[in-house]
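The structure appears below as structure tokens.
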Amino acid sequence: MEAPLNDVTVIVLAAGGGTRMRSKTMKVLHPIGGRSMIGHVLAAVGALEPRQVVAVVGHQREQVGPHITSIHPSAVLAVQEEQHGTGHAVRVAVDALVAAQARPQGTVLVAYGDTPLLSGESLRRFAADHEAAQRAVSILSGLVPDPFGYGRVVRDALGDVVAVVEEKDATPEQREIGEINSGIMAFDGDFLVEALPRLRNDNAKGEYYLTDLVQIARDGGMMVGAYAIDDVRQTEGANDRVQLAALGRELNRRIVERWMREGVTVMDPETTWIDADVMLEPDVTILPGTQLLGATVVAEDAVVGPDTTLKDCEVGTGARVVRTHGELAVVGAGATVGPFSYLRPGSRLGVEAKVGAFVETKNAVLGDGAKVPHLSYVGDAEIGEGTNIGAGTIFANYDGVAKHRTTVGRHARTGSNNTFVAPVSIGDGAATGGGTVVRGDVPAGALAVSAGPLRVIEGWARQRRAGTAQAEAAEAARPEEP
Ligand code: UD1
Ligand code: CA
């Protein structure tokens, strides 16, 4: 058992403009792995069970603020009107807490809103190390192949951390240092509150650097240090869309690998995309080209794919979903879907139900064993158990003004190429003929037909299409006259 952490306050910095995204959407709100970037950070932060979470917002705070509170309702939003550096941002956060009579004590952890790969486990280890070493300031550091642009962790001859120097302020020798400040830092709360007002902006960027607290603490005889993370990608931020895509691929690689270790078969990890909040049971099989998005859940022994996208769907045990696009749909145990099916919101398939090729469903409930095998549109409908809907059936749910429902009872058999003009109901065990347009209710057990009897007009092609290839073919097929 790890020792329980102190009271932890987390400050998430998200005031910067993120101009390199070239987007009307604020950087930290860009989606990756089914959440916003800051959504991933807030999830990781949750692992610390923090006493309070403060988010520093500035640019487009009317977008960012509500998003943060929708994820973490108790988060305090501190507004940084102008961005004068990370030290200034943290000061704004601390001032907001002090104003709310919630002066931070214990450990204060500072993270950025744009590091989607960050894990709660890493934050816990870092915070635990910080507390065990009783430091005033801890840096989550890392070794990177190209440290350009980062603050460098400067150590003395004994290996003790003495300062963090920003790229623009670094000497050529300091620029050679490969150990960087990830940006994630931990502080003793009392020290932080007392020392923040002592930051100065007399540096290359004219900003208040949070990292200057390292030197301030050391000069005050307090403990400072760095905790190196092996997995530096966890602290990587996405500043533009190229980095966003690279981090998205890496995040996905990690998620897919985790599910494989949990017993999921993934035939082609490269073309399989699984969002962070998806849940899979062991012995699920995912075939190439499949995206499982949002809050999708797939139960044991189900096979999904190839080439399938499911968003916020529920797939039952042993179901098969082939070349399908689905959203907010439920597929029962043992049911089969596809190929080329479109399950729109509100589609609910019972146990061993079937939605076949080129079938679109919306707000449609199919009972156990009900089948819509071919080329149909099923909108606003309820189909009873064991019923078979003929090929090419349209549930005409829209009269041009409003939507209406159709119900089909249990064990009914409807013919091919039917149109059910809603609102209409077809009873249990009823049947309809091929080509029927059902404009009224069909009672249980009845057969409904609406197509007229077949009329045959002999010699029509000869008379009405004389001189055409059609008439010639008809003539050639005529029996010899005796
Ligand atoms: C910062 C660190 C640097 C570290 C690097 C890691 C300082 C002085 N430097 O540098 O040591 O290696 O991060 O990526 O801390 N922000 C605000 N308000 C501000 C300024 C920044 O909210 O006034 C937020 C930004 O939105 C961003 C984060 O803080 O999420 C970091 O700011 P940025 O300007 O990117 O810092 P760097 O110069 O990269
Ligand atoms: Ca940065």
Side-chain angles (χ1 to χ4, degrees), residues 10-21 26-30 36-38 40-42 54-61 63-65 68 77-96 109-118 137-144 146-154 161 163-170 174-175 177-187 192 196 199-216 224 226 228-229 232-240 243-244 247:
V10 178
I11 299 173
V12 180
L13 304 189
T19 49
R20 278 182 284 164
M21 290 304 252
M26 183 58 187
K27 174 167 84 169
V28 296
L29 300 188
H30 276 258
S36 63
M37 284 209 261
I38 198 166
H40 287 279
V41 173
L42 291 170
V54 189
V56 180
V57 295
H59 279 274
Q60 293 175 59
R61 61 177 184 268
Q63 269 181 21
V64 184
I68 291 168
L77 299 178
V79 177
Q80 189 191 22
E81 293 286 355
E82 283 171 30
Q83 284 74 53
H84 297 300
T86 51
H88 179 246
V90 170
R91 178 143 188 213
V92 166
V94 169
D95 286 351
L109 195 121
V110 176
Y112 298 166
D114 67 348
T115 55
L117 266 54
L118 190 62
V137 183
S138 296
I139 300 150
L140 187 63
S141 72
L143 288 171
V144 293
D146 178 13
F148 179 80
Y150 286 101
R152 309 298 205 285
V153 177
V154 181
V161 174
V164 170
V165 180
E166 295 305 303
E167 175 80 31
K168 284 194 173 156
D169 302 287
Q174 287 169 334
R175 286 192 184 131
I177 298 171
E179 187 183 7
I180 56 102
N181 168 29
S182 70
I184 296 168
M185 297 179 74
F187 301 92
L192 185 67
L196 277 170
L199 288 177
R200 293 287 164 262
N201 65 352
D202 50 355
N203 50 50
K205 283 169 102 179
E207 287 185 353
Y208 296 91
Y209 292 162
L210 186 63
T211 43
D212 283 352
L213 291 179
V214 171
Q215 228 165 339
I216 291 177
V224 303
I229 186 169
V232 282
R233 293 214 78 172
Q234 284 196 28
T235 66
E236 233 173 78
N239 295 304
D240 61 28
Q243 289 171 343
L244 184 67
L247 283 183

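Counting starts at 1 for both ligands and their atoms, following the listed order.
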Looking at Val28, Val41, Thr235, Thr86, which hits side-chain contact (heavy atoms from CB on, under 4.5 Å) with Tyr112?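 By the side-chain contact (heavy atoms from CB on, under 4.5 Å) criterion, Tyr112 pairs with just one of Val28, Val41, Thr235, Thr86: Thr86.
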Which atoms of ligand 1 are found less than 4.0 Å from any heavy atom of [X]?
X: Leu13; value: 22 (O), 24 (C), 29 (O), 30 (O)
X: Gly151; value: 3 (C), 4 (C), 11 (O), 12 (O)
X: Tyr209; value: 8 (C)
X: Ser182; value: 6 (C), 14 (O)
X: Gln83; value: 18 (N), 19 (C), 23 (O)
X: His84; value: 23 (O)

Below 3.5 Å, N or O to N or O, backbone or side chain included: is there any such pair between [X] and ligand 1?
X: Gln80; result: yes
X: Gly183; result: no
X: Gly16; result: yes
X: Val56; result: no

Can you find a non-hydrogen atom of [X] under 4.0 Å from ligand 1?
X: Gly85; answer: yes
X: Thr211; answer: yes
X: Lys205; answer: yes
X: His88; answer: no

With a 4.0 Å heavy-atom cut-off (strictly under), which part of Tyr150 contacts ligand 1: side chain, backbone, both or neither?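 Contact part for Tyr150 vs ligand 1: both backbone and side chain.
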Part of Ala15 with heavy atoms under 4.0 Å of ligand 1, whether side chain, backbone, both or neither: both
Under 3.5 Å, is there a donor-acceptor pair between the Asn239 and Lys27 side chains?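 Distance-only check passes for Asn239 and Lys27.
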Indicate whether the side chain of Glu82 and that of His88 have a donor and an acceptor atom separated by less than 3.5 Å. no
Looking only at atom types and distance, does a side-chain atom of [X] sit under 3.5 Å from a main-chain N or O of [Y], one as donor and one as acceptor?
X: Gln63; Y: Met26; answer: yes
X: Asp169; Y: Ala204; answer: yes
X: Arg152; Y: Glu167; answer: no
X: Ser138; Y: Ala186; answer: no

Heavy-atom distance under 4.5 Å between the side chains of Asn201 and Glu207, does that happen here? no
Partners meeting salt bridge (charged side-chain N to carboxylate O under 4.0 Å, His left out) with Glu81 (sequence neighbours left out): Arg61
Drop me the distance from Ile177's CD1 to Leu143's CG, to the nearest 0.5 angstrom.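 The CD1 atom of Ile177 sits 11.5 Å away from the CG atom of Leu143.
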